[in-house]
There are 2 protein chains.
Amino acid sequence: MGNKTDLLTVGSDRSPSRAREDYVKAIYQLGGGAPVRAAAVARYLNVSRVSVSKAKRLLEGDGLLEPEPAPAKPLRLSHKGRALAVAMVRRHRLLETFLHRSLDVPLERVHAEAERIEHVISDDLAARIAAFLGRPSSDPHGHPIPYDDATAAGGPLPTLASVAEGARVVVVSLDDRDDEAVGALAAAGVLPGAALRVERNDTAKMRVRCGKRVVSLNRRHAAMVRIAT
Amino acid sequence: MGNKTDLLTVGSDRSPSRAREDYVKAIYQLGGGAPVRAAAVARYLNVSRVSVSKAKRLLEGDGLLEPEPAPAKPLRLSHKGRALAVAMVRRHRLLETFLHRSLDVPLERVHAEAERIEHVISDDLAARIAAFLGRPSSDPHGHPIPYDDATAAGGPLPTLASVAEGARVVVVSLDDRDDEAVGALAAAGVLPGAALRVERNDTAKMRVRCGKRVVSLNRRHAAMVRIAT
DNA sequence: GGTTAGCGTTAGCCATGGGTAACAAGACGG
DNA sequence: CCGTCTTGTTACCCATGGCTAACGCTAACC
């Protein structure tokens, strides 16, 4: 196959619809339905506040944001915007599941790949992928796949980094946005469903027993792990 | 699933890299390696000649086109451009095969879907899809899948519309760019590998025996069928 | 030879997405 | 109460992709 240093690295990749979908998804993931500050969106997407401010007008024009005549107000998704956001999340998680399960894409690379594909597949195709996979209930990082537009949020779970020594916990999910952490955690066997026991948690590296293995985890990586008891 | 009249219909969808890839692919498919007139590219992509003229400069800048100081000369892909074009064709055909075989996407919808996805998957992912499918040699429309950068062109085959009455032929491929024709042909059983006998070919509708069935085909549709004897 | 058609280019216009610089207004800390 | 930080906005600038209008050329066609 074409092994010539990936020819395709040509342009940036900001298509009109892609940018809009990214904004909507960011607002949704930051607020979970609640209004979100523009500056937070800017940081989340690594763009300037100005870009968010301009995008705001365009998104309002598309009916994806609740129209807000008063300036300096937080961003609120409209019904349509929320539905689009949920559709994006659904596609993203279905794609991640497919890439990991069927194509054996390593866990830490699944997110980036899905991030690009999610913008170009139709709802119909997403439904076919879901059927192909047997309508999985969660993606390989442990996040639930929303099949209807219900939010089903629930407050954020505690992270592994915050657990007291000696505690036994179960891994619920990993933050897929941090490739490096996901790679390290997967290598250590810290995956959704794994039962852990925290051996030490007082320095930059914590020790965790995972099955028969005792592994050493970077604190920053452990902060990417959501857990339950 | 989100059945709300496809929310995603928001923007056009011309990302920088997408446009470049479309130009390169068009030049490749029109010329098969030989130089191509800009106007032909414009017609093929449904854009103005002006857009092609401007794209030319950008593509030269990217090293995808052979630099051409003299104006009004045909467009020639560089080595890099040709390799990119072949990669695009490979991805496209692999995607079509996957969509049709694994996800049961109807033949006439496979092209449009692949057309969008091909721009966002990595070479690595294409390789994984190929492995998943068992390295198929051709796509569902009957076009060969190029696994190396070899061109393997060979002159264009005759079309079903040009066949004399009474002749027996075998369907090699369908032109996937014409959704309507592909739908009609697939419904009639005129698919790659099918053995046909032309019963009548003198009016706007031709009659063809296909297995046990005798079907009536629109001439325009028949012109989308490449055949061999 | 003149007319007509097609081709490639240039000039100019629009929309989108992204960026800086700058500013007014509010929140916070001292 | 005064400085400092954060925020959202505005005014510009840049690149891309696409468009129409218009022009010069070439190549047919009569």
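Atom C1' of nucleotide D/dT9 and atom CD of A/E60 are separated by 14 Å, given to the nearest angstrom. Rounding to whole angstrom units, CZ of residue A/R76 and P of D/dG8 are separated by 15 Å. The NZ-P distance, from B/K56 to D/dG17, rounds to 17 Å in whole Å. Look at NE2 on B/H119: it is 14 Å from C1' on D/dG17, rounded to the nearest Å. Rounding to whole angstrom units, CG of residue A/L64 and P of C/dT16 are separated by 13 Å. Here D/dT16 presents its P atom at 18 Å from CG of B/L45, a figure rounded to the nearest Å. Taking atom CZ of residue A/R57 and atom C1' of nucleotide C/dG18, one finds them 14 Å apart after rounding to whole Å. Nucleotide D/dG17 holds its P atom 17 Å from the CG atom of B/N46, rounded to whole Å.
Side-chain contact between A/R220 and A/D178 is present, with heavy atoms from C-beta onward closer than 4.5 Å. By the 4.5 Å heavy-atom criterion applied to side chains, B/Q29 and B/M88 are not counted as neighbours.
Among the nucleotides D/dG18, C/dT20, C/dG8, the one closest to any side-chain atom of B/A19 is D/dG18. Of all nucleotides listed (C/dG18, D/dG8, D/dG17), D/dG17 comes nearest to the side chain of B/R20. Residue B/S53 has its side chain nearest to C/dT9 when only D/dC19, C/dG18, C/dT9 are considered. Of all nucleotides listed (C/dG19, D/dT20, C/dT9), C/dT9 comes nearest to the side chain of B/R49.
At a threshold of 4.0 angstrom between heavy atoms, the contacts of B/D22 with the nucleic acid are absent. At the heavy-atom level, A/V50 lies under 4.0 Å from base atoms of the strands shown.
A salt bridge is defined here as a Lys NZ or Arg NE, NH1 or NH2 lying under 4.0 Å from an Asp or Glu carboxylate O, and A/E118 with A/K25 meets this definition.
Closest non-hydrogen pair, B/S78 versus B/E66, comes out as CA-OE1, 3.4 Å.
The environment of NZ in B/K205 is crowded: more than 12 heavy-atom neighbours from other residues, nucleotides or ligands sit within 6.0 Å.
Taking 3.5 Å as the limit, the base of D/dG18 and the side chain of B/K54 contain a donor-acceptor pair of atoms between them.
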